[in-house]
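Convention: sequence-line order gives letters A, B, ...; per-chain numbering from 1. Bear in mind that the values here come from a model prediction, so they are computed numbers and not experimental data.
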Amino acid sequence: MSNDAPVKKKRKFELDPRLAAYKGVWVFIEHERGQVHPVSWELLGEGRKLADMLGVELAGVVLAAPGEGQPFCQEAFAYGADLCYLMESPVLKDYRNDPFTRGMTELVNTYQPEVLLLGATTQGRDLAGSVATTLATGLTADCTGLTIDLDNRSLAATRPTFGGSLLCTIVTLNYRPQMATVRPRVMGMPERQEGREGRIIEHPLAMAEESIITKVLDYIPDDTRDKPQLPFADIIVSGGKGLAKPENFQLVWDLARVLGAEVGASRPVVQAGWVELDRQVGQSGKTVRPKLYIAAGISGAIQHRVGMEGADCIVAINNDPNAPIFDFAHYGIVGDALQLLPALTEAFRQKLATARRAG
Amino acid sequence: MHSVVCIKQVPDSAQIRVHPVTNTIMRQGVPAIINPYDLFALEEALRLKDRHGGRVTVITMGPPQAEAALRKALSFGADEIILVTDKAFAGADTLATSFALASAIRKIHESHPVTMVFTGKQTIDGDTAQVGPGIAKRLDLQLLTYVSRVAEVDEAGGTITVERRAEGGVQVLRTALPCLVTMLEGSNEMRRGSLPDQLRAARHELTRWDRVAAGIEDVTRIGLKGSPTVVNKVFTPSPRAEKAEMVTVDSGRAADLAVELIARIGGRFPVVEAELARRAG
Ligand SMILES: Cc1cc2nc3c(=O)[nH]c(=O)nc-3n(C[C@H](O)[C@H](O)[C@H](O)COP(=O)(O)OP(=O)(O)OC[C@H]3O[C@@H](n4cnc5c(N)ncnc54)[C@H](O)[C@@H]3O)c2cc1C
Ligand SMILES: Cc1cc2nc3c(=O)[nH]c(=O)nc-3n(C[C@H](O)[C@H](O)[C@H](O)COP(=O)(O)OP(=O)(O)OC[C@H]3O[C@@H](n4cnc5c(N)ncnc54)[C@H](O)[C@@H]3O)c2cc1C
């Protein structure tokens, strides 16, 4: 803001008394084929902070087939939930838009939370958009930061705009619940507290299978054996357009093999077809949070940065001392990646071999 | 078969630049294109028409310039184009956008009953993926998101079978027509428009609907007024407090740099050291 801009007076804001009754922070516990998506635990970690700021309880919302939901609730307590709303019904066996929208909407209308968070996954986005429309409330997509404006108890949700080059903060003032989605791995995983307990509030869903128009005919699980699993990799070696030729990208694979790491890439590398789309890191690719991220020949554009700045330790190799990646990496080496990658491969090989002999 | 395809005109993001000093978006001269994700929706609708006959109507809500996107859609083979445009729509978030589009589609349905509504997975500017689900709920249509393949359409039986991308696999779903499908990218490839279609695209008359023509009476449901979300501030990402620690060695040799780097990481990042030890062990 320029200095001569008039000082904006904070707009006086009174929450509609009917909406003031909405209390508590909720996280949708997403699961598929008996597995809870880790984004739900990440959201509980974030939801815990929001609930504490507001001085309210944190709840997990579990919609599941009969007998399926209890263990999910117990897990949710371990990750910070004070209570869980549990809705079990045969129609909730597989994810389908209609019964889940109906169930979630009914829970919201009955128990009235002020904040509702969901993962920005294919399931979470499908449900969030439907629930927000049905409830006629605001929904902020793909947030990278969530906090509470304590002046008016409103959720301030930050998200990237224009391909990540700018950030904006969005509020949903006079509507409840305030809804937001967050992509997997954008928030850190909270500490698991073994044995932590909470209350379960069961609520039925009065919906018969005959009334549901969409049927699940089949489910074909992905063959994950050869699929890259970047979001949960602990070490990632990424290459960018600075490697110049597809043959040179082999040097990234070589280092990754020695480290037992996943291989990542910047968008131009994916677009040139050197590696598959599943390996793209960034705004329009995967968000990753490894312990070690080695970036070779990557300039560090903001769209790449938003996908990897959650890494514990970032090492950047670039022959341009002014490359933006040096502004946020932990270690930088100015030099030719074509020489440094093989040198690192050799040095790590020796280090691991020494550790093996010692250990 | 009558498919309505929703498209949005967006700035070609590959060409957006941020001014290095003022950090404002430099939109001047950035060409406007059809949201790339919407082309998969349009192509799928055209394929249904190839197979089952019928028509394809393309609709957008946007400023008058969005006409260009609609004409482009005609050149690929769409039959009808409708521009929903009104100053009252300005500042719409996804809730207000889906309200306006749903009203317009209801209007289309009055003269030509609609079998399917298609949208893209998401846009490249707003990028919320919320408008498709919003339209479906407002029109009480069955919602099929992230569809990677339309396997079968049984027009007589009034059913459709699709493959939907889920987190860990693919769901095969069957539902009743009419329904709303959001198409996944890479699910098909946009055709090249035929010469006659390209010629027609330039001459074809554009249908332009304002708020009233789109069947909207309640102005509190559209534009800024109908939008629960408010953008509070826009700002540039802050740089990390400290810049990278640069690793150098007197010899300047790559091998020495590598060894030096590994030594320094070990000192400052025990988590990385532990991870490496795990791998060695
Ligand atoms: C809407 C939108 C979404 C986007 N999404 C993504 C995304 O998800 N992920 C993503 O990565 N990008 C994304 N981008 C693109 C992004 O803006 C950048 O263009 C991209 O990240 C640049 O890739 P790069 O660093 O590999 O290539 P470049 O920018 O070309 O950088 C190459 C770097 O290599 C260095 N170099 C050259 N030779 C050598 C050498 N021999 N040794 C060492 N270094 C060398 C150069 O100094 C330079 O810094 C997106 C853009 C937009 C507009
Ligand atoms: C940077 C930025 C951030 C924003 N963040 C939010 C937010 O968090 N929450 C929110 O509610 N709004 C948000 N908005 C407003 C939102 O982008 C607009 O409401 C927009 O009109 C539609 O949303 P979308 O671009 O995200 O579309 P998406 O929901 O991503 O689009 C899905 C599909 O819907 C169809 N479609 C979308 N818009 C139109 C249209 N105008 N005409 C015809 N078909 C269309 C297309 O087929 C498209 O592929 C944001 C806008 C910007 C510019």
Side-chain angles (χ1 to χ4, degrees), chain A residues 32-33 37 97 121-123 125-126 129-130 133-134 137-141 162-163 165-173 175 213-222 234-235 260 291-292 302 312-313 315-316 326-333 335 339-340 343-344 347-348 351-352 355-356 359, chain B residues 13 16 18 25 93-95 98 124-125 127-130 133-134 137-138 142-143 145-146 161 165-176 228-237 239-240 243-247 254-255 257-259 261-262 264-265 269 271-272 275-277 279-281:
Chain A
E32 201 162 79
R33 308 271 121 179
H37 196 297
N97 181 269
T121 57
T122 54
Q123 188 183 120
R125 282 178 150 200
D126 184 279
S130 303
T133 308
T134 311
T137 189
L139 170 59
T140 306
F162 294 103
S165 45
L166 293 173
L167 295 171
C168 68
T169 301
I170 295 182
V171 293
T172 307
L173 292 177
Y175 296 82
I213 299 172
T214 299
K215 306 290 178 194
V216 180
L217 302 189
D218 199 2
Y219 181 94
I220 308 153
D222 288 335
D234 285 317
I235 304 182
K291 297 183 173 121
L292 176 62
I302 183 68
D312 288 320
C313 175
V315 173
F326 292 134
D327 291 345
F328 60 94
H330 299 92
Y331 292 103
I333 301 183
Q339 294 188 13
L340 282 157
L344 277 171
F348 273 115
K351 180 180 169 71
L352 291 177
R356 235 168 251 138
Chain B
S13 70
I16 289 191
V18 175
I25 306 245
D93 73 356
T94 55
L95 196 73
S98 67
I124 59 169
D125 58 349
D127 185 19
T128 65
Q130 288 166 196
K137 288 292 135 182
R138 293 179 183 289
Q142 290 299 303
L143 169 64
T145 51
Y146 303 98
T161 310
R165 169 114 302 269
E167 281 305 311
V170 172
Q171 270 186 327
V172 183
L173 298 173
R174 172 166 300 160
T175 196
T229 62
V230 179
V231 178
N232 240 6
K233 61 169 181 182
V234 178
F235 56 102
T236 47
R240 213 197 271 279
K243 296 200 168 196
E245 174 182 328
M246 301 311 285
V247 179
L257 279 165
V259 171
L261 170 75
I262 294 171
R264 290 208 209 173
I265 293 176
F269 289 95
V271 283
V272 176
E275 186 59 36
L276 291 172
R279 270 148 220 258

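- Chain A forms more heavy-atom pairs under 4.5 Å with one residue of B:A277, B:S98, B:G168, B:A166 than with any other, namely B:G168.
- Interface residue B:A176: backbone and side-chain heavy atoms are both found under 4.5 Å from chain A.
- Comparing B:A258, B:P133, B:A244 by how many heavy-atom pairs each has under 4.5 Å with chain A, the most go to B:A244.
- Looking only at heavy-atom pairs under 4.5 Å with chain B, the residue among A:G138, A:C313, A:P221, A:G129 that has the most is A:C313.
- Across all non-hydrogen atoms, the minimal contact from A:T169 to B:F235 is OG1-CE2, 3.3 Å.
- Of all the listed residues (A:D234, A:L292, A:V315), the one sharing the greatest number of non-hydrogen pairs under 4.5 Å with chain B is A:D234.
- For A:Q339, the parts lying near chain B are the backbone and the side chain together; criterion is any non-hydrogen pair under 4.5 Å.
- Of the two parts of A:Y331, the backbone and the side chain both hold a non-hydrogen atom closer than 4.5 Å to a non-hydrogen atom of chain B.
- The residue among B:V259, B:V172, B:D127 with the most heavy atom pairs within less than 4.5 Å of chain A is B:V172.
- Side-chain atoms of A:V171 and B:T229, non-hydrogen and from C-beta on, never get closer than 4.5 Å to each other.
- For the atom pair CZ of B:R174 and OG1 of A:T214, the computed distance is 11.5 Å after rounding to the nearest 0.5 Å.
- Contact tally against chain B (heavy-atom pairs below 4.5 Å) for A:N97, A:I213, A:L352: the top residue is A:I213.
- Heavy-atom pairs under 4.5 Å with chain A were tallied for B:I262, B:V272, B:D93, B:V231; the largest tally goes to B:I262.
- Both the backbone and the side chain of B:L276 come within contact range of chain A, with heavy atoms under 4.5 Å apart.
- With a 4.5 Å cut-off on non-hydrogen atoms, A:K215 touches chain B through its backbone and its side chain both.
- The greatest number of non-hydrogen atom pairs below 4.5 Å with chain B, out of A:G332, A:C168, A:A343, is found for A:G332.
- Counting heavy-atom pairs closer than 4.5 Å to chain B, the top-ranked of the candidates A:T137, A:D218, A:T172, A:D312 is A:D218.
- The candidate from A:H37, A:R125, A:K291, A:R33 with the greatest count of non-hydrogen atom pairs under 4.5 Å with chain B is A:R125.
- The distance from the CD1 atom of A:I170 to the CG atom of B:N232 is 9.5 Å, given to the nearest 0.5 Å.
- How far CD of A:Q123 is from CD of B:Q171: 8.5 Å, rounded to the nearest 0.5 Å.
- In this structure, chain A has a heavy atom under 4.5 Å from the side chain of B:E275, while its backbone stays farther away.
- Legend: residues meeting side-chain contact (heavy atoms from CB on, under 4.5 Å) with A:A141, ordered by chain and number and at least two apart, are A:R159, A:T181, B:T128, B:Q130.
- Residue A:T121 touches chain B through both its backbone and its side chain, counting heavy-atom pairs closer than 4.5 Å.
- Salt bridge B:R165/A:D126: absent, no basic N to carboxylate O contact under 4.0 Å.
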Quick one: do A:T133 and B:L95 satisfy side-chain contact (heavy atoms from CB on, under 4.5 Å)? Show the steps, please.
-> CA-CA 6 Å; A:T133 308; B:L95 196 73; 4.3 Å; yes

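- Between A:D222 and B:E167 the shortest heavy-atom distance is OD2-O, 4.0 Å.
- Per-residue heavy-atom pair counts under 4.5 Å with chain A were compared for B:V271, B:T161, B:I265, and the maximum is reached by B:I265.
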Starting from the C-alpha separation in whole Å, work towards a yes-or-no answer on side-chain contact (heavy atoms from CB on, under 4.5 Å) for B:V234 and A:L167.
-> CA-CA 6 Å; B:V234 178; A:L167 295 171; over 6 Å; no

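- The CD1 atom of A:I333 sits 5.0 Å away from atom CG of B:L257, with the distance rounded to the nearest 0.5 Å.
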